[in-house]
Structure formats: structure tokens, C-alpha cells
Amino acid sequence: MAEVKNKQVIFKNYVEGVPKESDMYISDTATIKLKIPHEEEASLSVLVKNLYLSCDPVMRIRMRKPGDETSSYFTPFAPGSPLSGYGVAKVLDSRHPDFKEGDLVWGTTKWEDFSLITTPESFHKIQHADVPLSYYTGILGMPGMTAYAGFNEVCSPKKGEYVFISAASGAVGQLVGQFAKLLGCYVVGSAGSKEKVELLRNKLKFDEAFNYKEEHDLNAALKRYFPEGIDIYFENVGGNLLDAVLLNMRVHGRIAVCGMISQYNLDRPEGVTNLMCLIYKRIHMQGFTVGDYYHLYPKYLEYILPCIREGRVVYLEDIAEGLENGPAALVGLFSGRNVGKQVVSVSH
């Protein structure tokens, strides 16, 4: 039975503050057999070759020491073990009836060349390979479903409404903006650089965009772009921006809370002072996780695949080549280094 080296990205130890590349390291010492071991014969295991790995902000939460309030929702990484997250892979061997050798899949895998997956129930078989496989870490994977469910199911949008998206050039935000434009909404996004603002305006066809780092008064900035107020806010950032948005929401506005990346590296999260707006503006503010909406994935594919093929939706990717560049790619999420969806290419 062939045995090969299995390069891995190992999580070193629990992180406080901003994660660093040194919180992870590359290991070339592990080996793996390219057939499922005999002792796994009666299992439902699947052996895969990883092709693309997804860098997602939620991975920062999993770097926290067990015991805080997030541990019951996000399983912490184990020091000394490979990172794990969403990825695209090719099946090399399978004991599961739903998967066979040669199948392409996306789902939860480890940050390594090859992975033995003992619980492959989270895998989705890739049926449409006429689009880039890396898209299944983004527009055709978890971020795409997050954008679709958060916007359509949580926000209940209507044509002509005013929509604001934070972290708008990221994996999820860029899609929410385009979905809103297809529906006929007025869309404004915020991002952290001049380059990203130009992409939002020119490539992604947002109506307007601004660099939040250049705005000394976020409340005034939002009033400038939304003189009549905001109907829908897709929340990816939290902190001071959320506080300013609350002041600018319209009566019966909706806020989908997808993430709060400004808070992930803080020992003590920032408070929000304008929550009274929820009362007298009758705002519906709802947190959600994509796992509650995967039953809609077939419906989502029916919607999004024609949009991709006909060019009605575009998707920005930032692809780092090689597992050895994975730690830098992941850490770069928290300084805004990436432009578009951050992906690590393991193998072509």
C-alpha cells in the first residue's frame, strides 16, 4: 500500500490578540497511505486529495482557548493538529456509498495534502465542474449560501430598497451586493482601501462605496450616502460601524448579523450604544448561521449557476499558491490584505 509524505499546516497554540503566522507552522513529517486502512473497512470513511482550502474569519474564533462563550458553537482547534475548514477535494478511496473514487467534493477537510475523513456527511458532491473548482470555497460553497440565505431569508428584500453592506469586497459581501442589484435595490458598500472601493464601484457595480478608514465620522458618512436612511444592513464588521448604522436605519429596517470581524481579536468586545433604535424604529435584527439553511442549497444552485455562466454575477478571488503560504493568507484576512475571497491552492 503506497505511503507518501503529507504536508500539513499545524496549529501551534491558542491565540490571544491578532493571530500571527507564527501561531501555525508547516510540517513535512507526517505520512499517509493512499488507500483506506483495512481497520477502516467497516467504516464510512473517505480519503481525499485536497485541492483548494478556504480562509474564513470564523477560523479565528476557533483559535481561542476552550471555555469562552463561543466554544459551544465553534469547536476550537487542537494544538499540535492540522487546521481544518472548508475545502475542495478529490476522492481517492471511499467506504461511503455516496462517494466513489474520482468524485469531486466540497465540505470540511483538514489543512494538509491528503485527508482521511471519518465523518464525510458534511461533504457535497460537485455536479457542475464547468466553473472554476475554487468557486466551491466561495460563491458555490459556504460564503455563497451565507450571502443567499442571509439576504433573502433573513432580510426579506424588496425592489427599490436601500441596502448597505460592510466588508463589501469580501467573500460574502461582494455577493450580497450583486444579489441586491439584481433585485433592483440601491446598494452601497464599505471597504478598507481605495483599490477595494474602486472594485465595488466598477467591477461589482455597486451604486456607491466608501473607505471606512478615511471617514472620521461614520454617522455623517452614512447620512451622505443614505439621506433617506437604510432599509437593509448586512453586518460583517460590528463595533463603531454597527453603532452608526443603527442611527441611520429606516423604520422597519432589517439587519442580518453575519459576522463581526472587528471584534474577533479583542479581549473585551466593544459595546454598542445605540440599541434604543431597535425599539422606536422597530428594527428587526437577526443573527444567523449558514448551517440552518443548507437545505436550500439545490435551490441556490438553480439560481446562481446561470448567473455565473451568463456573467450577471462575478466573483473576486485572491488565491495563494501552496500550503506553505496558507498561514500568511489566513492571517491576512484580519488586516484586509486579501482582495476578494481568500483561497489557498493546494494542488491543481
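Everything quoted here is computed from the prediction, not taken from an experiment.
Other residues, nucleotides and ligands place no more than 12 heavy atoms under 6.0 Å from the NZ atom of K299. When the shell of 6.0 Å around NZ of K90 is examined, it contains 12 or fewer heavy atoms from other residues, nucleotides or ligands. For K110, the NZ atom is loosely surrounded, since the number of other residues' heavy atoms within 6.0 Å does not exceed 12.
Annotation: side chain to side chain donor-acceptor pair (under 3.5 Å) contacts involving residues 215-227, sequence neighbours excluded, comprise E215-R224, N219-K223, N219-N248, K223-N248. Among residue pairs with one or both ends in residues 324-348, none qualify as ring pair (Phe, Tyr, Trp, His ring centres under 6.0 Å); sequence neighbours excluded. Applying the salt bridge (Lys or Arg N to Asp or Glu O under 4.0 Å) definition to pairs two or more places apart or across chains, none involves residues 168-180.
Residues meeting the side chain to side chain contact (heavy atoms under 4.5 Å, CB included) test with A78, sequence neighbours left out: S81. Listed by chain and number, the residues in a ring pair (Phe, Tyr, Trp, His ring centres under 6.0 Å) with H284 amount to none (sequence neighbours excluded).
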For this session: List the steps and the verdict of salt bridge (Lys or Arg N to Asp or Glu O under 4.0 Å) for R250 and E161.
Result: CA-CA 10 Å; R250 301 179 80 179; E161 290 193 309; over 6 Å; no
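Hydrophobic clustering of Ile, Leu, Val, Met, Phe, Trp and Tyr side chains at less than 4.5 Å, counting indirect connections, keeps M145 apart from V257.
The side-chain heavy atoms of S166 and L242, taken from C-beta on, include no pair separated by under 4.5 Å.
Side-chain rings of Y148 and Y300 approach one another, their centers coming within less than 6.0 Å. A centroid separation of less than 6.0 Å is found between the aromatic rings of H124 and Y294.
Applying the 4.5 Å side-chain rule to ILVMFWY residues, one finds I10 in the same cluster as Y25.
Looking at S54 and K341, their side chains do bring a donor and an acceptor atom within 3.5 Å of each other. Between S115 and N50, the side chains place a donor N or O and an acceptor N or O closer than 3.5 Å (distance only, hydrogens not considered).
In this structure, CG on L204 lies 12.5 Å from NZ on K196, to the nearest 0.5 angstrom.
Using the six-membered ring where Trp is involved, H96 and F99 have ring planes that are tilted, between 30° and 60° apart.
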